[in-house]
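Both counts, for ligands and for their atoms, begin at 1 and track the order of listing.
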Amino acid sequence: MAKITVYVPAVDDYRSKVLEKAIEMAKYNLNVDFDIYPIDLSTDMILMRSFDAQELAKGLYDGGYNRDEVSIFFVRKDVKTADTNFCFGATMGKTILLSDYRINHGCYSEAEKIAMLTYLIEHEIGHAFKAADDLHYGDGIYDMHCLNEKCCMQQVQSLDELRDFAKRNMTCRGKYERGCFCSHCKKRFRRFYATE
Ligand SMILES: [Zn+2]
Ligand SMILES: [Zn+2]
């Protein structure tokens, strides 16, 4: 059975409470267990300097935190790619970097923030365990994503799309709901999760 670790900023504040709730919700929806560790990345010079998500993910990967296991690192800074001034995060091997900066700083209700973060966690863990494939739809554009509008492996490309998806599909009424994956992606996720 695969192991999943989520590293959260070692700060006890309102943003941490929101993230904590999202992690709990993702755990429940995915029906898997996570190890959760607070981590202080502010002493790491490379991570302090860069805003490039790929570079940050590589820095964490090279840093040697559980690189053979699926690890999610949440950072509290805005991140970008070489081509765009914003992205949600980046992946290097099994090391996943996610930023909660824009979600925290956007005009969203607490329930929306939790739902948006939950989607990001579920989506990236879905990728890590090959939940979506490209054979299912196979037009090349949706490689490793799902076209099912209710499935968390559907791709979102902006904060607006993320909020809309989260509002549509994740609960915003304080009640947990199962069914983050469509049945196709769920089957694949369970298979790869069980055999890794
Ligand atoms: Zn994706
Ligand atoms: Zn799906």
Quiz item: Do any of the N, O or S atoms of C185 sit under 2.8 Å from the Zn ion (ligand 2)?
Solution: yes
Quiz item: Of the backbone and side-chain N, O or S atoms of H184, does one lie nearer to the Zn ion (ligand 2) than 2.8 Å?
Solution: no
Quiz item: What pairs meet the salt bridge (charged side-chain N to carboxylate O under 4.0 Å, His left out) rule with one or both residues in residues 100-109, with sequence neighbours excluded?
Solution: R76-D100, D78-R102
Quiz item: Near the Zn ion (ligand 1), which protein N/O/S atoms are found at less than 2.8 Å?
Solution: H123 NE2, H127 NE2, H145 NE2
Practice problem: Just jot down the salt bridge (Lys or Arg N to Asp or Glu O under 4.0 Å) partners of D12, sequence neighbours excluded, or say none. | Solution: K17
Practice problem: Would you please name every residue forming a salt bridge (Lys or Arg N to Asp or Glu O under 4.0 Å) with E20, sequence neighbours left out? | Solution: none
Self-check item: K94 and E124 ion-paired at < 4.0 Å
Solution: no
Practice problem: Hey, can you tell me if F88 and F86 have their rings parallel, tilted or perpendicular (30° and 60° cut-offs)? | Solution: perpendicular
Self-check item: S71 side chain to E69 backbone, donor-acceptor under 3.5 Å
Solution: yes
Exercise. Using only heavy-atom distances, determine whether the side chains of D40 and Y7 contain a donor-acceptor pair under 3.5 Å.
Key: no
